[in-house]
Asks: 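This structure is in structure tokens; I'll ask about it shortly.
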2 protein chains.
Amino acid sequence: MTARTTAPATRMRSADRRALVLEAATAVFGERGYVGATTEAVAKAAGVSQPYVVRMFGTKEDLFLAVLRRALDLLLATFRGAIDAGGPEHRADHADLHSRIAHSYADLLGDRGLLLSLMHGFILGSDPAIGACARDGFLEVYRLLRDEAGFAPEEVRDFLADGMLLNTLVGLRMVDAYDASPAARELLETALPSKLEFLRSLGPA
Amino acid sequence: MTARTTAPATRMRSADRRALVLEAATAVFGERGYVGATTEAVAKAAGVSQPYVVRMFGTKEDLFLAVLRRALDLLLATFRGAIDAGGPEHRADHADLHSRIAHSYADLLGDRGLLLSLMHGFILGSDPAIGACARDGFLEVYRLLRDEAGFAPEEVRDFLADGMLLNTLVGLRMVDAYDASPAARELLETALPSKLEFLRSLGPA
DNA sequence: GTCTATATCTTGATAGAC
DNA sequence: GTCTATCAAGATATAGAC
């Protein structure tokens with residue numbers, strides 16, 4: 001840990017600033033998509049200048065790739081945390097493990113930016129760089145669930161399918177229709193085991 | 001039906017031309033997303049001029065909304081066709097109905113543009129006009145499956161989840177990784193009951 | 001109905017000061 | 001490390017001819 005007591009408030013260690021920009025970028029890319037998000041909006045959200053954002057990451061595409069990679073790493077880390085949680089005595093109970101992993105995913109539902117940046121990446125598979133990164137990450141998740149969590153292939157598929165539906169409902173802002181539409185209400189209550197109240201508490205817009 | 005035998009080849013009835021542009025737009029929006037797609041690319045794909053595309057639909061947003069609406073209507077019509085297929089004697093067999101609907105969805109998998117335009121719409125829920133249209137359409141599908149196909153809420157949820165996974169795999173171009181990645185191969189073979197060969201035959205790029 | 005020309009705005013990226 | 005100024009490219013939308 002380098003001493004840095006005299007650094008002005010506008011200066012941070014580059015790693016910290018980078019993390020800050022990456023988090024802001026995740027929110028902006030999630031909301032407007034890869035092309036729709038502007039480096040200016042990211043800069044504003046991070047409280048820095050637009051050219052500085054570009055400087056830090058090279059190009060807008062590089063920035064999005066970094067956002068994607070970070071989101072995937074966070075997702076993988078979350079699942080690994082759930083696998084490790086409870087200690088060795090729980091490892092043998094497969095139903096319990098499955099439940100822990102599912103709950104750990106539900107915890108991520110509050111991070112719109114993370115989930116939707118991933119989704120935007122997933123459906124841009126035709127872009128050479130983005131597609132390669134997205135496919136890779138998706139397969140890493142698949143292998144993690146199969147090999148480290150011990151899921152059967154069909155179990156992984158069902159789990160991923162659930163995740164994609166949840167992500168879609170988040171993207172749709174389906175909670176905004178909860179009050180006005182009985183169908184929305186029923187769908188949300190069927191699809192979200194327990195996290196509905198939490199999601200609604202995040203509020204509209 | 002107005003007689004129009006003397007019309008030059010470059011002129012069509014507006015309804016036909018509109019349908020042509022809409023189909024081209026579906027492909028372009030699906031590939032690059034709402035913001036990433038340009039009216040110029042749509043025009044080129046449809047073989048007309050860029051200003052004409054704008055003229056026909058008002059704005060790019062109006063065009064995307066028309067694409068979304070058309071995709072949703074096609075999806076709903078496909079499901080209704082599956083529900084009606086086989087005549088009244090099959091209506092009582094729920095498992096058979098479920099299977100017919102699932103297969104009818106698999107038939108849509110060949111239309112990347114359709115599926116991915118929908119997905120792009122679904123994850124842009126924060127946009128006022130697009131979000132409203134997307135939520136609405138998604139709920140129409142939900143109600144169709146529940147009320148017209150007689151699915152239980154959990155059954156609808158599982159069906160929608162499967163659909164979102166399939167759409168995501170299409171968006172990811174996961175078939176491109178089939179040969180190089182055993183995990184991709186296993187995932188695709190687990191997630192796609194029978195349409196894998198067909199999807200692969202569509203080829204890369 | 002359809003095109004050409006073009007105005008206008010946005011935006012990613014670069015140059016260079018501090 | 002970070003900002004200001006600015007350029008060059010691209011994209012939507014309009015005007016107006018045919």
Side-chain angles (χ1 to χ4, degrees), chain A residues 2-25 28-29 31-68 120 124 127-130, chain B residues 1-25 27-29 31-67 120 124 127 129-130:
Chain A
T2 313
R4 191 172 263 290
T5 52
T6 58
T10 52
R11 274 182 123 111
M12 304 177 80
R13 269 189 315 237
S14 68
D16 294 348
R17 189 63 94 185
R18 201 185 149 91
L20 198 75
V21 171
L22 225 37
E23 198 178 333
V28 175
F29 278 120
E31 218 55 63
R32 311 208 221 166
Y34 169 50
V35 185
T38 66
T39 55
E40 171 67 36
V42 172
K44 204 158 194 175
V48 299
S49 71
Q50 179 268 329
Y52 187 37
V53 170
V54 175
R55 244 332 148 92
M56 257 188 289
F57 291 89
T59 67
K60 180 182 170 178
E61 183 175 57
D62 290 336
L63 172 58
F64 185 64
L65 290 172
V67 163
L68 255 190
H120 281 291
L124 289 180
D127 179 287
I130 296 174
Chain B
M1 241 188 264
T2 313
R4 191 171 263 290
T5 51
T6 59
T10 52
R11 274 183 121 110
M12 304 177 82
R13 267 189 318 236
S14 68
D16 293 348
R17 191 61 94 183
R18 201 186 150 89
L20 197 75
V21 171
L22 225 37
E23 197 177 335
V28 175
F29 278 121
E31 218 53 62
R32 312 209 220 164
Y34 168 50
V35 186
T38 67
T39 54
E40 171 67 37
V42 172
K44 204 157 194 176
V48 299
S49 70
Q50 178 269 330
Y52 187 37
V53 170
V54 174
R55 254 315 161 89
M56 257 189 289
F57 291 89
T59 67
K60 180 182 169 178
E61 182 175 57
D62 291 335
L63 172 58
F64 185 64
L65 289 172
V67 163
H120 281 291
L124 288 179
D127 179 287
I130 296 173

Asks: Could you give the CZ-to-P distance, from F64(A) to dG12(C), as a whole number of Å?
Replies: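 Result: 14 Å.
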Asks: Taking atom P of dG12(C) as reference, at what distance in whole Å does atom CG of L63(A) sit?
Replies: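 Rounding to the nearest Å, CG of L63(A) and P of dG12(C) are 10 Å apart.
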Asks: Go along nucleotides 8-18 of chain D 5' to 3' and tag each nucleotide: B for a protein heavy atom under 4.0 Å from its base, S when only backbone or sugar atoms are that close, - otherwise.
Replies: ---SBBBBB--
Asks: Going by ring pair (Phe, Tyr, Trp, His ring centres under 6.0 Å), name the residues that satisfy it together with F64(B), two or more places apart in sequence or in a different chain.
Replies: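 Only F29(B), Y34(B) meet the ring pair (Phe, Tyr, Trp, His ring centres under 6.0 Å) criterion with F64(B).
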Asks: For residues E61(A) and A129(A), report the shortest heavy-atom separation together with the two atoms involved.
Replies: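 Closest pair (atom of E61(A), atom of A129(A), distance): OE2-CB, 3.9 Å.
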Asks: Please check if atom CD in Q50(B) has more than 12 non-hydrogen atoms from other residues, nucleotides or ligands closer than 6.0 Å.
Replies: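 Result for CD/Q50(B): enclosed.
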Asks: Quick one: NE2 on H120(A) to CG on L68(A), what's the gap to the nearest 0.5 Å?
Replies: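 Answer for the NE2-CG pair, H120(A) versus L68(A), is 10.5 Å.
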Asks: Which pairs, with at least one residue in residues 31-41 of chain A and sequence neighbours excluded, count as a salt bridge (charged side-chain N to carboxylate O under 4.0 Å, His left out)?
Replies: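 Every salt bridge (charged side-chain N to carboxylate O under 4.0 Å, His left out) pair that includes a residue of residues 31-41 of chain A, provided the two are not neighbours, is E31(A)-R112(A), E31(A)-R173(A).
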